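All values reported here derive from a predicted model rather than from experimental measurement.
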Amino acid sequence: MGKQRPKGHARTTRPRTLTFHFWRFYSEVVGPKTHIEYMMNKMPVRSQPNRGQSLCQTLMMHSFSNGTPAASAELLARAFAATARMSLITDAQQNILHVGNSFITITGYGADEVLGRNCRLLQGPGTDRAVVATISATLRAGDAFEGDILNYRKDGSPFWNGLKVTPLRGPANEITHYVSTQSDINTRRAFQDTLRFQALHDVVTDLPNRRYLEQHLARDRTDLQASVTAIGLINIDEFRRINEQVGLRGGDELLRALGRRLRNLTGEGVFLASMKGDEYAVVIDDLGSLRGSADIDDQLEAVLRRLHEAVERPFQVLGKSVSVTISMGVAFCPLDSDDILDCLRVAEVALKVAQRRRHDRQRWWYLAPPVIETGTQATAILMESRATQAEQTLLNQRFEADRLRLFNGGLSMYMQPVVDLRTGDLSRVEALARLILVDGTVVGPDRFLSFLDDAGHDELFRLGLDEALGCLARWDREGLSTRVSVNLSPSTLYDSNCTGWVKGALERHNINPSRLSLELLETESAKSAVQIAAINDLRTLGIGLALDDLGSGHATLKRLSELPFDSIKLDRGLFASLNIRPLETLSMLATLTQMGRDFKIGVVAEGLEDVRLAEAAVVLGVPLGQGYFLARPMPASSIPGWVAAYKFPLSAGMVTTALGALAYHWKFLRWESPHPLPLSACPLTDFMQRHTPQTSRATALHEQQHEPFNAPSTGGQQLQEWLVELVQDHATAAG
């Protein structure tokens, strides 16, 4: 293996590879009996190894000289645009003569905005001057440059550019033009972030794995000196028997479904991980400062009762209703312990006790008696939240009544707006199923969705789709034109009539297919040949297809590359640890947004429930947003009035929250770039003035970020740490 070149280090090469591709394109397009072949045949034999290079240079010179016919120049332009790796051509003074599609895509500049301008327009405050000097020196020497440089798009956002610049020479060996290629290598870094995520998460449930759990415990070790932490291990009772009933595939679906329910039931200060097979770990932080108090017992009991709600309803697994029970072992972490993993081992012993007592226990978990600092034993807490058989019977009766009501006039599609975070305008609405009880009570899908079998999901889709498209037609008559998305269960794809239902509903309401998008849950399975064929059939209708809850399931990259999705929706669960680990949350949000850009598909951030998340999404360039902060789900009749009165609650170029400020600073620090705007115009300036004295250390650190030759990594890291603490302080104050 050779030594790795330092960042920005120049590498001199002969421009054989680039010009060879030029020659290959010309020889394929123009043909063997052309003037090009004639020129090739007339070249001396000794020059044949480089004859493609010489020919390309000759064509380049002729194409950009006054004497070349327009047709030749046009042909070269078409060839250039068709070569994905080529970005631009400049003259000898590096003034831009022609740009390719890849340059426009990467930088955001249009051709008419850059022609005649110098390539330096891509440089900014974070561009390494040493790299710029190296490029100039290399090109002056007549060599090719290859290296990485920090450039800026038209919108001011930085991107790492894998740059190659090749000089082209005329007959007298003088340099006449430069051809450069641009590669947005942010993708590589984003992919590395994705790999890091996969290394720390379980492949089946996408929950944090044991390695992540150990990192979490080690990171929280300092905090444990001031508060009480409990660790619990949850195990599914008789999981082997369940596997025999539903198979390995069904077992994986059950594990994912239980993981989702547990995650939805955990609140702030609760960390959930998937350990091995059917075992989950729960870390409950900050139970108080004094062990043995009634408050701590009450807090723990409240959390454990809430967790048990995950199995109080059956699971739908491959069309079968599966009821499960769980056991749990819980251990307090001793404040004076040197090894935080000790309490994990104690929790394992407690779990075995709970499992042994499963048939005669009064509670579903067992709490290991903790050793208090004085060495005395605390009394074990044994609690139980399982419903009695009579209660379960009543629940089943209620579920059947809800199902009958749902399909006999009780279904109503509420609409939640999806907002364009770049303009503040309505992008589309998502149709969400609601059950309207006889007394007018509105019930959400959590109450009825999980108890529907496949036929029930099919019927719900047909009815909901028809009502949603009917709303579009009615709004059209009222002067409002928009798009709608409807949720589609993967099990419905198995029905051969699925495409016909969609086509019929579109024709019945006279709706253009491009105005409909179907959202397929990433957490569900859609991998069979029948389902994939159905997806392709639906796409032939011209409708959109979205991958919903991205980040909550598995094999995301593979599915995005194989199935024709045109948009993705980021799972709100990605924001669950925002107050504890804001940097990780921002990184995940930015990485998935970049992934959407790379795949050339739309990105919607769900779960923007407050101004902090919405502002961070805007700062990081997320195109579309959805959540209570922007708009709550509402009856369809309310949408036209909402659109007429809506004003986007965020202002461009401003940050008002600590999370927004952190996102703004982080997006430049991650690429080691200073803040590009003047200090007086920087969004952080006003924020800092409102939150810190003018003489504070944080203010001075911020000012350093506007010094173009300052290394941002030192003071920038300190400013980032200050902003992280501010985010956490504000979250604590908000309760």
Side-chain angles (χ1 to χ4, degrees), residues 6-9 106-109 118-136 147-163 182 184-186 189-190 193 582-583 586-587 589-591 593-594 615-616 618-621 652-655 657-692 694-727:
K7 180 176 65 178
H9 180 70
I106 292 172
T107 67
Y109 286 103
N118 193 279
C119 296
R120 288 190 295 270
L121 67 93
L122 294 179
Q123 298 175 15
T127 304
D128 191 331
R129 300 305 165 190
V131 177
V132 174
T134 300
I135 296 174
S136 299
D148 298 343
I149 186 171
L150 186 68
N151 282 161
Y152 290 79
R153 300 184 180 92
K154 179 183 176 181
D155 62 7
S157 60
F159 72 99
W160 276 104
N161 183 3
L163 177 64
Q182 317 277 328
D184 184 347
I185 59 175
N186 287 352
R189 297 181 181 231
D193 289 340
L583 285 178
L586 293 178
S587 178
L589 184 60
T591 297
T593 300
Q594 176 69 33
E615 190 170 79
V618 170
V619 168
L620 294 179
M654 289 185 60
V655 293
T657 68
L659 186 65
L662 175 62
Y664 182 84
H665 175 59
W666 174 83
K667 75 174 183 177
F668 295 106
L669 181 63
R670 71 190 298 223
W671 306 131
E672 299 183 356
S673 167
H675 294 185
L677 297 176
L679 180 63
S680 59
C682 178
L684 278 190
T685 299
D686 180 66
F687 177 84
M688 302 292 290
Q689 290 175 349
R690 286 184 282 110
H691 290 84
T692 64
Q694 191 170 358
T695 58
S696 74
R697 171 64 174 161
T699 299
L701 290 173
H702 173 230
E703 292 174 355
Q704 290 178 11
Q705 306 312 301
H706 289 269
E707 300 174 6
F709 299 103
N710 177 61
S713 57
T714 304
Q717 289 288 349
Q718 296 178 21
L719 179 59
Q720 177 175 273
E721 292 171 2
W722 179 81
L723 288 169
V724 168
E725 292 179 359
L726 193 63
V727 169

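- A heavy-atom distance below 4.5 Å is not found between the side chains of Val131 and Asp148.
- Annotation: side chain of His702 is in contact with side chain of Leu679 (closest heavy-atom distance under 4.5 Å).
- Here Phe159 pairs with nothing under the ring-ring contact (aromatic ring centres under 6.0 Å, His included) rule; sequence neighbours left out.
- Here the side chains of Leu122 and Tyr152 are not in contact, with every heavy-atom distance at 4.5 Å or above.
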field: Residues Tyr664, Leu684; criterion side chain to side chain contact (heavy atoms under 4.5 Å, CB included); working and verdict
entry: CA-CA 8 Å; Tyr664 182 84; Leu684 278 190; 3.8 Å; yes
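- Without hydrogens or angle criteria, Ser136 side chain to Val132 main chain gives a donor-acceptor distance under 3.5 Å.
- Taking all atoms of both residues into account, the shortest heavy-atom contact from His706 to Leu677 is ND1-O, 2.7 Å.
- Closest approach of Ser673 to Gly126, counting heavy atoms only: OG-CA, 3.8 Å.
- By the neighbour-count criterion of 12 heavy atoms within 6.0 Å, atom CZ of Arg120 is sparsely surrounded, having that number or fewer from other residues, nucleotides or ligands.
- Between the CD atom of Gln182 and the CD1 atom of Ile106 there is a distance of 6.5 Å, given to the nearest 0.5 Å.
- Atom CG of residue Asp155 and atom OH of residue Tyr109 lie 9.0 Å apart, to the nearest 0.5 angstrom.
- Closest non-hydrogen pair, Pro676 versus Pro125, comes out as CA-CG, 3.2 Å.
- Taking the side chain as every heavy atom from C-beta outward, Val619 and Val655 approach each other to under 4.5 Å.
- The minimum heavy-atom distance between Cys682 and His675, with the atom names listed, is SG-ND1, 3.8 Å.
- In this structure, Ser587 contributes its side chain and Leu583 its backbone to no donor-acceptor pair below 3.5 Å.
- The minimum heavy-atom distance linking Leu620 with Ala663 is given by the pair CD2-O, 4.0 Å.
- The distance from atom CG of Leu163 to atom CG of Leu150, rounded to the nearest 0.5 Å, is 12.0 Å.
- Between Gly716 and Gln705, the closest heavy-atom pair is N-NE2, 3.3 Å.
- Rounded to the nearest 0.5 angstrom, Glu615 CD and Leu662 CG are separated by 11.0 Å.
- Checking each of His665, His691, Gln718 against Leu723 for a side chain to side chain contact (heavy atoms under 4.5 Å, CB included) leaves exactly one that passes, namely His665.
- Atom CG of Leu719 is separated from atom CG of Leu669 by 8.5 Å, given to the nearest 0.5 angstrom.
- In this structure, Ile149 CD1 and Thr134 OG1 are separated by 9.5 Å, a value rounded to the nearest 0.5 Å.
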